[in-house]
Amino acid sequence: MIKITLPDNSVREFPKGSSGLDIAKTISNRLANDVLSVSVNGEVWDLTRPIEADAAVKLYTWDDREGKETFWHSSAHLMAEAIEFFYPGTRFGIGPTVDTGFYYDVDLPSGYQLVEKDLEKIEKKMLELAREKHDIVRSQVSKAEALKLFTEKGDELKLELIGELEDGTISLYNQGGFTDLCRGPHLPNTSYVKAVKLTNIAGAYWRGNEKNKMLTRVYGVTFPKQKMLEEYLVMIEEAKKRDHRKLGKEMELFTFSEAVGQGLPLWLPKGAQLRAQLEDFLRRVQKKYGYDQVITPHIGDVQLYKTSGHYEKYGKDSFQVIKTPAEGEEYMLKPMNCPHHCEIYKSKPRSYKDLPVRMAEFGTVYRYEQSGELHGLTRVRGFTQDDAHLFCRPDQLKEEFKKVIDIIFIIFKALEFNDYNAQISLRDPDKPEKYIGTAENWEKAERAIIEACQEKGLKTVTELGEAAFYGPKLDFMIKDALGRSWQLGTIQVDYNLPERFQLEYIGADDKRHRPVMIHRAPFGSMERFVAVLIEHTAGKFPLWLTPDQVVVLPISEKYNDYARTVSNILNFSDIRSVVDDRNEKIGRKIRDNELKRIPYLLIVGEKEAESATVSVRRQGEGDKGAMTAQEFAALVKEEVKMQLTGLYN
RNA sequence: GCCAGAGUAGCUCAGGGGUAGAGCGCUUCCUUGGUAAGGAAGAGGUCACGAGUUCAAUUCUCGUCUCCGGCUCCA
């Protein structure tokens with residue numbers, strides 16, 4: 001007998017060689033039906049794999065990430081089997097799970113190509129294979145055996161993978177006629193898969209390297225119940241409705257023009273209003289935190305970027321240098337604001353008493369992003385950073401860093417971004433050539449970030465090799481409507497630029513010292529932030545932020561003048577209002593303006609004109625009764641005040 | 001930049017070798033209304049751009065541009 005410890009710390013005895021499934025059966029039939037995989041001493045195993053010694057065991061179902069992963073991983077194999085059925089000789093790369101589903105990278109026999117309409121037949125075949133209820137069987141093999149098997153299959157991709165594995169750690173999984181190299185774990189058999197949707201086909205470089213062959217990546221998702229697939233598809237449709245590119249057009253916030261150029265957004269009046277509102281908000285927050293606004297030009301002498309190191313790193317992939325009529329004179333569109341801010345720092349001698357110096361600028365920068373990478377407002381070639389650079393003494397670094405985290409918290413709170421990830425990006429220790437600066441400075445900078453996050457109690461994940469080339473950073477990532485992650489706020493510690501620009505301050509000891517620099521952009525960029533904000537709110541911006549706060553709807557054209565009077569009163573009190581004076585019935589005006597997501601609708605007709613009032617209707621809520629324009633203005637101002645209370649006042 | 005798909009009216013889309021259609025929007029007229037779509041008439045298109053095939057191309061072929069889904073990249 002072996003002792004099995006369950007998550008509630010209860011210990012039960014089972015015969016040696018019992019499996020996770022055996023354990024589940026003793027708990028309940030329901031659990032035995034639902035369980036998908038099992039963790040044995042922290043390692044996720046197949047449900048049917050015998051447990052030979054005492055162990056801590058946890059059973060995973062669809063509700064656990066581990067359970068879903070097992071399910072989707074087996075689904076990837078099922079898809080591979082179906083693809084092999086239609087295209088014998090296909091070579092298989094890797095087939096991992098992703099956030100929603102799985103993919104498999106495949107290399108079809110020459111002459112074959114997968115197109116969208118092939119997916120349907122593969123889906124059908126997958127369901128057919130699933131219904132046949134093939135057991136999924138694990139076997140442990142030697143490296144030589146594995147190499148032999150895949151040499152016979154002619155699958156060079158798998159051979160390359162096996163070549164890198166250690167002998168004795170190699171396992172295969174077989175189901176029906178299909179065998180794949182795989183660490184597992186997997187479902188007991190294929191019949192668990194009840195619903196299949198192959199979502200799209202894309203190209204992907206073998207092993208993520210653009211020098212390698214392009215494989216065909218097939219994405220899919222599967223479910224244990226047909227109903228779950230239906231719900232998932234509805235969810236995707238709903239998400240598409242929130243897409244900022246769609247809503248941006250619909251709400252007339254921004255547009256693009258081929259004549260202007262790729263990735264160069266044009267902000268329409270309402271979008272510009274929204275942006276101005278966001279900038280104003282951030283300016284106030286930053287003022288409270290002791291920042292000074294500066295303004296710098298959109299271009300700079302090439303030498304400036306040679307000093308900063310950006311020219312060497314990105315020069316050939318940037319918008320190219322701007323020549324002037326003068327011989328040898330060269331400028332660049334600025335790809336970032338830091339070099340300009342360093343020059344402002346240098347414009348006069350600084351004392352230790354002056355530090356920290358906090359310089360903020362809504363700085364527009366231009367980066368020649370790869371054409372295939374451009375995406376709505378989230379990835380563009382000309383954008384405005386809510387940038388600031390803090391120059392501080394080494395002893396002030398951590399405190400300053402923590403204050404920047406506070407600012408980001410304020411912003412996320414104001415806009416109700418509760419679901420974000422914080423990521424610490426460090427250098428890749430194996431690739432020192434990718435970075436500038438001394439190991440010692442990197443060490444100091446990385447430690448400062450890690451400690452500041454700990455002291456703020458911020459839950460973070462750490463990624464090696466994701467740092468900027470001049471320093472480590474802390475990024476805040478938010479997901480868009482379709483679950484794609486975008487980096488918003490970023491904070492970076494930099495010991496390198498101060499050195500390159502020879503920045504100094506005079507210390508209490510009357511000697512010259514080098515300040516430390518913090519780069520930070522809580523929004524990331526105005527463009528990306530607005531994009532994520534649109535998807536987050538589905539276009540229903542909070543009252544304080546939304547471009548049109550109020551629309552006045554005259555009942556008939558006879559009351560247009562009164563409506564304009566009301567609107568003027570509101571605009572005079574700093575409330576953004578418009579009048580819908582179209583020759584339409586009131587029902588129509590209400591409908592159209594509700595759909596435009598304007599928070600307050602004021603209906604004015606004979607009654608209101610006579611009593612000098614407005615009938616208030618709140619978007620999505622309906623009639624709120626009558627009051628004077630002044631009373632309504634006070635109500636709006638109070639609501640705005642409530643929304644912003646404690647954020648910067 | 002790479003792989004795959006797409007581009008028809010301001011928007012959403014249908015059509016298809018004989019130079020185009022719907023709904024919404026827009027303009028004008030009728031209507032002057034009370035809390036989610038009143039009625040009528042009208043304007044608006046080099047069918048992304050450039051070549052080729054053809055008696056004839058918006059339709060077929062090739063190229064270019066842009067957009068979409070991924071990959072790579074992201075100071």
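In the text below, chain A, chain B and the rest are named by the order of the sequence lines, each starting its count at 1.
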Mind checking if [X] touches a base, just sugar-phosphate, or nothing, with heavy atoms under 4.0 Å?
X: A:Ala202; result: base
X: A:Lys434; result: nothing
X: A:Gly372; result: base
X: A:Tyr103; result: nothing

Residues two or more places apart in sequence or in another chain: which of them pass side chain to side chain donor-acceptor pair (under 3.5 Å) with [X]?
X: A:Thr216; answer: none
X: A:Thr296; answer: A:Lys334, A:Glu361
X: A:Ser110; answer: none

Please identify each residue that fulfils side chain to side chain contact (heavy atoms under 4.5 Å, CB included) with [X], with sequence neighbours left out.
X: A:Glu237; result: A:Lys240
X: A:Lys589; result: A:Leu553, A:Pro554, A:Asp580, A:Arg582, A:Glu584, A:Asn593
X: A:Arg381; result: A:Gln262, A:Leu264, A:Phe319, A:Tyr368, A:Glu369, A:Ser371, A:Leu374

Would you tell me if any nitrogen or oxygen in the side chain of [X] comes within less than 4.0 Å of OP1 or OP2 on [N]?
X: A:Arg245; N: B:C68; answer: yes
X: A:His375; N: B:G70; answer: no
X: A:Tyr314; N: B:A75; answer: yes
X: A:Lys249; N: B:U12; answer: yes

Query raised in the report: How would you list all residue pairs meeting salt bridge (Lys or Arg N to Asp or Glu O under 4.0 Å) that involve residues 297-317 of chain A, not counting sequence neighbours?
Result: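 Salt bridge (Lys or Arg N to Asp or Glu O under 4.0 Å) check on residues 297-317 of chain A returns no pairs.
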**Report entry** Pairing annotation in dot-bracket form, given for RNA chain B with Watson-Crick or G-U pairs under 3.5 Å and | for cross-strand partners
**Finding:** (((.(((..((((....[..)))).(((((.......))))).....(((((..]....)))))))).)))....
Query raised in the report: Going by number, which of residues 255-271 of chain A have a non-hydrogen atom under 4.0 Å from RNA chain B?
Result: A:Glu258, A:Gln262
Requested in this report: Mind running a 4.0 Å heavy-atom check of residues 516-527 of chain A against RNA chain B and sending the residues that fall below it, in number order?
Outcome: none
**Report entry** Pairs satisfying side-chain hydrogen bond (donor to acceptor under 3.5 Å, both in side chains), at least one member in residues 603-620 of chain A, at least two apart
**Finding:** A:Glu594-A:Arg617, A:Tyr600-A:Arg618, A:Glu608-A:Ser615, A:Ser611-A:Thr613, A:Arg618-A:Glu639
**Report entry** Letter per nucleotide, 5' to 3', of nucleotides 27-37 of chain B [B base touched, S only sugar-phosphate touched, - untouched; heavy atoms, 4.0 Å]
**Finding:** ---BBBBBBBB
Query raised in the report: Would you say the side chains of A:His519 and A:Asp494 form a donor-acceptor pair under 3.5 Å?
Result: yes
Query raised in the report: Hey, which of these two, A:His310 or A:Ser371, hits RNA chain B nearer its 5' end, going by closest nucleotide?
Result: A:Ser371
